[in-house]
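Just so it is clear, the structure is predicted and the values come from calculations on it, not from any experiment.
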Amino acid sequence: MLKKKDGYPVYPLTAAQKFHFFYQDFCPKKEVLNIGTSLTIGTELDWDVLKQSIFKAIARNDFMRIRFTQDKDGNWYQYVIDQDERKDIEFVDFTRQSMVEAYEVMRQWTQVPFERESSCMNRIVMIKTIDGYNGLYLLIDHMTADAQALIGFFKDVIEIYCNAKFEGVPYPKEMSSYIEQLEKDLAYEAGSKALERDTKFFQGLIDNTPEPIYNGIRGTAQLEAERKRSGDPNARAAINVSDSVDSALDIFHLEPEATKRLMDFCEEYHVSLVCLLIMGLRTHFQKMNGNDDVSINTAIARRATLKEKKSGGTRIHSFPFRTIISKDKTFLEGIYEIRDLQNAYFRHANYDPVQYFAYRGKKYPHKEGQTYEPMSLTYQPMTLRDKRLDDLGGIKYKTKWYPNGATTQGMYLTVMHRPEDNGLDFNFEHQIKAVSREDLEFLYYYVCKIMFKGIENPNLTIGDIINLV
């Protein structure tokens with residue numbers, strides 16, 4: 001086992017990192033782990049001050065200095081260097097290009113994979129665009145950061161910049177140590193009472209329920225095709241990916257007023273928006289497939305403490321979220337069932353998802369590539385708006401995500417708030433050959449109809465809602 005690299009102590013990968021590594025290993029396109037995003041502000045910027053602010057933020061955020069190395073047996077390790085090697089920050093002026101052309105350039109940047117051995121795992125470019133907005137493009141490897149880490153880094157850069165430029169803006173508080181959280185994760189994984197409790201919970205979920213069943217976006221055709229292909233008329237798992245990992249990103253925008261109605265319902269009934277989203281999705285699959293038993297993958301950010309929130313890195317664990325809710329139950333009863341189960345998931349979310357899938361695979365053996373889950377869902381509640389950045393003189397800003405062009409999943413939905421109006425964006429990344437844009441429009445249309453019918457009539461039964469939409 002490696003102990004040091006270039007004088008720095010090295011550490012094994014965490015469960016969250018191994019989960020990413022696991023699917024990157026099988027993917028011919030190594031850019032599958034790239035996350036490309038930009039944040040631009042509707043004002044002129046002092047580029048020298050911005051550059052210094054970026055350097056200071058890199059120094060304050062350990063996860064921006066993570067490096068990876070491999071031992072002679074092919075095992076990967078990580079370490080954090082003291083000082084970033086960058087001498088300068090790139091600057092690109094897009095003011096002679098249209099917004100569409102600028103987007104295309106940044107999309108291409110997002111599709112260039114990083115070298116993994118001892119390399120910097122992010123790229124930062126200061127950008128100036130024709131619409132009068134200026135700011136940053138950031139490309140980062142998912143093994144070093146998730147969306148919350150990215151947002152935290154952007155926020156840190158802006159607050160450092162604003163402290164330098166404006167009277168009365170305080171310097172941001174210190175970030176937390178990435179290594180400290182890493183050591184906690186590794187201690188947990190090495191065998192702890194918490195790990196025992198979490199193992200018991202997740203294995204119990206598998207042991208105490210019958211085999212799950214696959215539900216398709218438009219009905220049972222995929223499962224029926226699988227039964228025919230395999231010669232097993234009782235097969236309950238199906239293949240929902242294609243032979244190509246080429247992906248597209250399709251985005252559907254929910255208006256601010258409609259979004260507010262969903263948020264108001266959540267506040268009134270003390271549930272999170274993710275519960276409402278899961279209810280909408282699972283009820284759609286219930287409607288289309290006739291099964292009360294619905295399973296989709298959901299992501300949990302694992303950032304309960306302030307230190308976890310501010311330590312960066314990648315902390316997402318993704319598990320199948322399975323609900324068996326009969327059509328006789330009311331919409332509100334269904335939502336509360338989801339809330340209670342989700343709270344239990346949060347309590348045990350440090351468990352390794354790869355172990356979960358391995359255990360389930362032993363209990364219900366099925367061929368590689370088969371799954372019970374038609375999709376994955378992430379809700380990203382943390383926005384820059386929450387972080388009081390809209391207080392800085394009412395400056396307008398935009399965020400944009402750029403597709404990396406590859407995914408190992410059939411369909412991945414990320415729901416997040418738009419900075420300009422706080423409406424919801426439904427970002428569907430999907431394999432082009434596995435799921436069509438028409439499929440996504442169909443799913444989005446019905447999920448919204450179900451959610452709005454449900455919040456208007458929370459005491460209607462699920463069966464009635466299915467019939468009405």
Looking at [X] and [Y], does any basic side-chain N land under 4.0 Å from a carboxylate oxygen?
X: Arg302; Y: Asp185; result: yes
X: Glu337; Y: Lys329; result: yes
X: Lys155; Y: Glu159; result: yes
X: Lys18; Y: Asp352; result: no
X: Arg116; Y: Asp141; result: yes

If you round to the nearest 0.5 Å, how far is [atom2] of [Y] from [atom1] of [X]?
X: Ile35; Y: Thr314; atom1: CD1; atom2: OG1; value: 7.0 Å
X: Gln181; Y: Arg303; atom1: CD; atom2: CZ; value: 9.0 Å
X: Thr414; Y: Asp425; atom1: OG1; atom2: CG; value: 11.0 Å
X: Lys310; Y: Lys173; atom1: NZ; atom2: NZ; value: 7.0 Å
X: Asn427; Y: Ile251; atom1: CG; atom2: CD1; value: 4.5 Å
X: Asp71; Y: Lys5; atom1: CG; atom2: NZ; value: 11.0 Å

Flag the pair [X] / [Y] as yes when at least one side-chain heavy-atom distance between them is below 4.5 Å, and no otherwise.
X: Arg315; Y: Thr14; result: no
X: Lys398; Y: Leu39; result: no
X: Val80; Y: Tyr178; result: yes
X: His142; Y: Asn34; result: no
X: Asp246; Y: Lys433; result: no
X: Glu224; Y: Lys228; result: no
X: Asn422; Y: Thr259; result: no
X: Leu424; Y: Leu262; result: yes

Testing the basics here: between [X] and [Y], what is the closest heavy-atom pair and its distance to 0.1 Å?
X: Asp62; Y: Ser176; answer: OD2-O, 4.5 Å
X: Ile217; Y: His284; answer: O-NE2, 2.9 Å
X: Pro12; Y: Leu182; answer: O-CD1, 4.2 Å
X: Glu373; Y: Ser295; answer: OE2-OG, 2.7 Å
X: Ser247; Y: Glu429; answer: OG-OE2, 3.2 Å
X: Arg339; Y: His270; answer: NH1-O, 3.1 Å

Is it true that Phe202 and Tyr351 have ring centroids separated by less than 6.0 Å?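 They qualify: ring centres under 6.0 Å apart.
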is_close_aromatic(Tyr402, Tyr103), centroid dist under 6.0 Å: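 So the answer is yes for these two rings.
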Checking Asn350 against Asp198 for the side-chain hydrogen bond (donor to acceptor under 3.5 Å, both in side chains) test, could you report, in this order, the C-alpha distance in whole Å, the side-chain angles of both residues, the deciding distance, and whether it holds? CA-CA 7 Å; Asn350 286 326; Asp198 300 343; 5.1 Å; no
Verdict with supporting geometry, Tyr77 and Gln70, side-chain hydrogen bond (donor to acceptor under 3.5 Å, both in side chains): CA-CA 6 Å; Tyr77 295 87; Gln70 210 173 11; over 6 Å; no
Pair Met375-Leu413, side-chain contact (heavy atoms from CB on, under 4.5 Å): steps then yes or no: CA-CA 7 Å; Met375 64 175 294; Leu413 169 60; 3.7 Å; yes
Step by step, would you call Leu136 with Ile124 a side-chain contact (heavy atoms from CB on, under 4.5 Å)? CA-CA 7 Å; Leu136 298 179; Ile124 304 171; 4.3 Å; yes
Steps toward side-chain hydrogen bond (donor to acceptor under 3.5 Å, both in side chains) verdict (Tyr214, Asn289): CA-CA 9 Å; Tyr214 181 85; Asn289 295 267; over 6 Å; no
Per the salt bridge (Lys or Arg N to Asp or Glu O under 4.0 Å) rule, what does the pair list look like for residues 271-297, sequence neighbours excluded?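 Qualifying pairs: Asp292-Lys327, Asp293-Arg322.
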Any salt bridge (Lys or Arg N to Asp or Glu O under 4.0 Å) involving residues 437-451? Give me the pairs, sequence neighbours left out, ordered by first then second residue.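 Every pair satisfying salt bridge (Lys or Arg N to Asp or Glu O under 4.0 Å) with a residue in residues 437-451: Arg218-Asp439, Asp250-Arg437, Arg437-Glu441.
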What class does the angle between the rings of Tyr8 and Tyr79 fall in, given that below 30° is parallel, 30 to 60° is tilted and above 60° is perpendicular?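 Parallel.
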Take Gln370 and Glu226 through the test side-chain hydrogen bond (donor to acceptor under 3.5 Å, both in side chains) and record every step on the way to the result. CA-CA 9 Å; Gln370 290 182 338; Glu226 193 66 39; 2.7 Å; yes
How far apart are the C-alpha atoms of Glu90 and Arg123, what are their side-chain angles, what is the distance that settles it, and do they pass the salt bridge (charged side-chain N to carboxylate O under 4.0 Å, His left out) test? CA-CA 9 Å; Glu90 294 175 71; Arg123 179 184 180 187; 2.8 Å; yes
Before you tell me yes or no, could you show the steps for Thr371 and Asn240 under side-chain contact (heavy atoms from CB on, under 4.5 Å), namely the whole-Å CA-CA distance, both residues' side-chain angles and the distance that decides it to 0.1 Å? CA-CA 7 Å; Thr371 182; Asn240 72 337; 3.5 Å; yes
May I ask you to check whether over 12 heavy atoms, not counting those of [X], lie within 6.0 Å of atom [atom1]?
X: Lys30; atom1: NZ; result: yes
X: Tyr445; atom1: OH; result: no
X: Lys363; atom1: NZ; result: yes

Can you list every ring pair (Phe, Tyr, Trp, His ring centres under 6.0 Å) pair that touches residues 221-254, not counting sequence neighbours?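 Listed once each, the pairs are Phe252-Phe428, Phe252-Tyr444.
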Sequence neighbours left out, what passes side chain to side chain donor-acceptor pair (under 3.5 Å) with Tyr412? Give chain and number order.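 Partners of Tyr412 under the side chain to side chain donor-acceptor pair (under 3.5 Å) test: Thr378.
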Positive for ring pair (Phe, Tyr, Trp, His ring centres under 6.0 Å) with His348, one of Phe319, Tyr356, Phe201, Tyr188: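 Between His348 and the candidates, ring pair (Phe, Tyr, Trp, His ring centres under 6.0 Å) is satisfied uniquely by Phe201.
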Using ring-ring contact (aromatic ring centres under 6.0 Å, His included) as the criterion, list what pairs up with Phe265, not counting sequence neighbours.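 Listed in chain order: Tyr269.
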Sort and list the pairs that fulfil side-chain hydrogen bond (donor to acceptor under 3.5 Å, both in side chains) and have at least one residue in residues 460-469, not counting sequence neighbours.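 Output for this query lists Thr461-Asp464.
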Passes side-chain contact (heavy atoms from CB on, under 4.5 Å), Phe68 versus Glu117? Steps please. CA-CA 6 Å; Phe68 295 102; Glu117 177 67 49; over 6 Å; no
